[in-house]
Undergrad: 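One structure coming up, written as structure tokens, with questions to follow.
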Amino acid sequence: MTSASLGGAVNPGLCIPNVGDIRLPISAEDAKAITQSCHPSPFGKGTETLVDESVRKSWQLDANQFALQNPHWQIQVEGFVKKAVTGLGLTANGQEVKAELYKLLIYQEGAFFLPHQDSEKADGMFGTLAICLPSEHEGGDVIASHRGDQLRFRTAPSSKFGFSWAAWYADITHEVKPVISGYRVVLIYNLIHRPSAALLEFHGSRTEKITRLLESWARVAEMDTMQYLGGWDDSIDDTCPPALVYVLEHEYTSAELGFSRLKGVDQDRFAELRDACQRAGFDIFLANIEKTDTGGVEEDYGGYYYGHPSGDTHTIIDLVESRLELSHVVDSEGIVVGNNVPFPEDMLIQKDIFDRDPDDEEFEDFTGNEGASTTHFYHESGALIIPKRFSLLFKIQQLKNGECDTERILEDCHSAVSKQPNDMLAKERLLQVYRAITPVKRPYDSSRREQGRAMQVALELSDLELFCRSMEWLDNESFSSHTDKIAQAISQNGFNAIRSSLDKVFRGTMYPLHISLSSRLHMLSSLAKEYHSLCEQQGKEQLREVSTWLDITFNDIICHIRSSESDGHALANAISECPIPGSLSRVMPILEKRLDHAAFIIAFITSAHGNSLTGSSNKGEADAVLKALLLKLLEHFKFGQAACSYPNRGAHGWIFYRDRLGVPSRISLSLVMKLIQFANSTDYDTTGIFTALTEYFLTVKETEKKSAFHDFLFPIADGICADIDTTQRSPTGSERQFITQMLLQYLNHYVKEAPPPPPPDWGERMKIRCTCTECGRLRRFVNDTSKKTQDFALVAKTRKHLEEQLDKTYYTTTTIKQGTPHKLRVDKTRALLVTDVAAWGMRAQYANTLLHELSKNRSLKEMLGNQYDSIFAHRNLVVPDNLPAIPGPSSTNAQCAVQRTVPAKRPRGH
């Protein structure tokens, strides 16, 4: 800060609307009148603008709310600016800095402003100019502090008749002490660099010393070309750092940060450093630096212990995380070349730079089981210097942080290697980039695509660590495309060198939710084939440890399989592709432990059989193993209750089966049909399958018969007949017996005999004539053939009204005096004669439809033999013309035809 007092100056000609022209010195009456036109002064906190008199108490007018009418005042201000430029140590001359009027401030008795930094108000602003007008007062001193030093600007001594002014850099912490008496009136200007402002160049002895030092650093950097392949980490080599950061005296905002906008001593020092870097072949940038420390704070019985007497900052007792980064980096043209780039504290030239109070803090109070925590923020600005040999490292750090164009950098590096294939430095740079984009913990989407290329580069340059890290992040889709590289790595380095990384891939620790069983088996198969092929090409024996690992991994994958129908198909398909001999036989012990999961086992059997027919596996071995597995399954297999009925689902529906403990699980109809087809194609005795089916329809509950026959048994029967028609094979005895018994059971125990006919006057006796809402509910109950009784909760008047609608010879009513309102229970008595006949009629009509559809199979007549005619002419299918037709809710659920479980090709002319 620089300041001065003077006895006299030009009168600015201050004029305020509603007050008028203000004479100097300003009287208490005029000052009070000015205050009446002002508004409270706000202050900035982060992105917010707040008014809080506990932080700042003053009054202000914006620049557009008053006028300075004396034209000579601007000349006076320019004089102050020239002295301020000199006092602040700027090399720019007065014409390169302008003062822009910002506001007028009035501090009355008790007014103050706590320590703060000025925010940037305009592009190029670097400081503040405050001009105190003659207005008698006491107190109101301005105290500026920076790096432990303090300066005091006192306006009171000359305030009765004289002027005083002060200028300070915007990053300087300063405060206004309370005014004791009178009125302190101040004009505030923003100091702004003009675009033409430039730095001075220095070529003195100190620059030469810095240059020699940098040159020795550069020579050491060229000696070890494999340093910092992965960028700079948490620590660096003191003898040859990848980069260094020199912290400047002043702090700059992102908009201020530029080579031509440095303040005071920063201009001189940076000019020397920049000149030395140009001579020694170093890159130099300007950067804003941010450090964050996060941790717990100490608890005390009276609350939290504060580490500072003012209580402004909480002392971190238990440091959890500390992060240092270059938050904003610009080059000599002012172009932003980096953001949020982390770097180790060892790269700071000045040590202990952050051993001070933080600039800001975020405090989180005690919540639940979590103790209080706080984050301290520190801000500085500095120069980043990097040897040309390490120029790529800055981009590497950005790549690791996801702040750079990965594809463009890789393209440039690959191009350099293509042009000079023997240039080891070009290859090393390419290796550096791949190490940066192949993360240890989490991959970025853009980097996953490059893992295969990274593996190839790592092989060429013998970087096994990068190879393994890249391989670990291959997903299931790309792994099989790069098994040639993995096989080559095994051949070059031995299997144990990469075994740990392979285990991570196949055990799903990298992508635990994304690699399925079938994908892992396919990956294992691809690797085994590629390695076997490479050994044959090289004329080498396969390593025993590779074969052992393949066996162990195969068993580990199978043991972790789930037990759904889709997993059964996936397992069978994966095993058919697996080159490990005897894979089908080896999986049997695992499958035998899961016989309770019939859908899984049947899906595996049918898919494995299908694969054997296409030559994917040995058919003889497959048939023997699968038949043995089916035999074990059927020892305890039983069909249970049918699932909920889904109209027109047919072959896409499912039913329940019961395991050996009686626990129901579901299985698709198509899978049951595939099981029957498998048994027939392998000459397996299907008696066990049809015994389970027959036991099911003989024991199914009355309430489940409709769903059992319509949604399951008829589609199965139709599928069997369609399969016989398509393959033109002969039906088995088990199939004949199953279909015949099923149809007879259906007709005799589901359709049943026709009940006695109702009286001739049933229509009048059952009619509900009223059209009110409650009678509508009653009418629906009367017409519903599935219901025999129903309760109606109604008030007494409505209950009586409903009773009047009913013929008591057909219905019985009872009042249930429990709850409010009471209930009227209606029981069908003689009305059941009508609803039973109507329900039977619907069953019989639908049975005729089903049998008609089933008879379209040519093989049905052969299946039923001499019982064909008696079944189709069954007395329970004869529906009289005078059948009561009461539409009920259940009539809308009937299917129109048997839904096939398998597609059937019918011979022409059938």
Side-chain angles (χ1 to χ4, degrees), residues 421 450-508 510 515-558 570-588 607-608 610-622 625:
E450 296 292 342
Q451 301 312 307
R453 297 174 73 182
M455 291 168 65
Q456 184 62 45
V457 172
L459 277 177
E460 294 175 2
L461 297 179
S462 302
D463 190 330
L464 200 57
E465 179 187 351
L466 173 61
F467 181 87
C468 290
R469 199 194 309 169
S470 303
M471 179 180 63
E472 289 170 10
W473 287 120
L474 291 175
D475 56 28
N476 57 311
E477 295 180 0
S478 57
F479 184 91
S480 299
S481 303
H482 300 294
T483 50
D484 58 331
K485 302 178 185 65
I486 300 173
Q488 186 178 348
I490 296 173
S491 177
Q492 292 178 359
N493 303 281
F495 179 69
N496 290 331
I498 67 168
R499 176 170 183 165
S500 176
S501 294
L502 279 175
D503 284 338
K504 289 182 181 179
V505 173
F506 282 94
R507 289 176 182 170
M510 307 307 284
I515 301 185
S516 63
L517 163 85
S518 57
S519 296
R520 292 182 198 179
L521 286 177
H522 179 71
M523 291 159 57
L524 189 68
S525 171
S526 300
L527 177 58
K529 290 179 180 177
E530 191 66 46
Y531 177 67
H532 177 74
S533 175
L534 181 64
C535 288
E536 286 188 339
Q537 293 174 14
Q538 296 178 345
K540 296 181 179 179
E541 290 289 332
Q542 295 189 50
L543 296 175
R544 180 176 297 178
E545 52 263 36
V546 176
S547 302
T548 302
W549 179 84
L550 289 172
D551 290 345
I552 293 172
T553 305
F554 176 84
N555 291 333
D556 185 63
I557 293 173
I558 299 302
L571 176 60
N573 294 334
I575 286 179
S576 70
E577 300 174 359
C578 187
I580 300 176
S583 297
L584 190 60
S585 300
R586 291 171 53 189
V587 82
M588 276 292 291
S607 291
N611 293 332
S612 70
L613 296 177
T614 62
S616 300
S617 56
N618 184 278
K619 185 176 184 305
E621 177 195 8
V625 170

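All values below were derived from every heavy atom in this structure, side-chain atoms included, with hydrogens, water molecules and symmetry-related copies excluded.
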Undergrad: For S501 and C468, work out which heavy atoms get closest and say how close.
TA: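 Scanning both residues completely, I find the closest heavy atoms to be OG-CB, 3.1 Å.
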Undergrad: About how many Å separate OG of S491 and CD of Q537, when rounded to the nearest 0.5 Å?
TA: 10.5 Å
Undergrad: Tell me whether the count of non-hydrogen atoms from other residues, nucleotides or ligands lying under 6.0 Å of CD in Q538 goes above 12.
TA: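 It does: Q538 CD has more than 12 such atoms within range.
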Undergrad: Using ring-ring contact (aromatic ring centres under 6.0 Å, His included), reason through W549 and Y531 one step at a time and then give a plain yes or no.
TA: CA-CA 13 Å; W549 179 84; Y531 177 67; over 10 Å; no
Undergrad: Is it true that a side-chain atom of S533 and a backbone atom of K529 form a donor plus acceptor pair closer than 3.5 Å?
TA: no
Undergrad: Looking only at the aromatic ring of each residue, does the gap between the centers of F506 and F554 stay below 6.0 angstrom?
TA: no
Undergrad: Please examine the side chains of L534 and D484, heavy atoms only from C-beta on, and report whether any two atoms are closer than 4.5 Å.
TA: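 Heavy-atom side-chain distance check fails, nothing below 4.5 Å.
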Undergrad: Rounded to the nearest 0.5 Å, how far does CG of L464 lie from CG of L459?
TA: 8.5 Å
Undergrad: Rounded to the nearest 0.5 Å, how far does CD of Q488 lie from NE2 of H482?
TA: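 Separation between the atoms: 13.5 Å.
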Undergrad: Does E541 form a side chain to side chain contact (heavy atoms under 4.5 Å, CB included) with C535? I'd like the steps, not just the answer.
TA: CA-CA 6 Å; E541 290 289 332; C535 288; over 6 Å; no
Undergrad: Looking at V505, T483, L502, which one forms a side-chain contact (heavy atoms from CB on, under 4.5 Å) with M523?
TA: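 Result for side-chain contact (heavy atoms from CB on, under 4.5 Å) with M523: V505.
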Undergrad: Kindly say whether A489 contributes a backbone atom to a donor-acceptor pair with the side chain of N493 at under 3.5 angstrom?
TA: yes
Undergrad: Is F479 close to I486 at the side-chain level, that is, under 4.5 Å between some pair of heavy atoms?
TA: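 I486 reaches F479 side chain to side chain.
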Undergrad: How many angstroms lie between atom CD1 of I552 and atom CG of D503, to the nearest 0.5 angstrom?
TA: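 Going from the CD1 atom of I552 to the CG atom of D503 covers 9.0 Å.
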Undergrad: Enter the distance from K504:NZ to E472:CD here, rounded to the nearest 0.5 Å.
TA: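 It is 4.0 Å, given to the nearest 0.5 Å.
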Undergrad: I need the K485 NZ to M471 CE distance, nearest 0.5 Å.
TA: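 So the NZ of K485 and the CE of M471 are separated by 12.5 Å.
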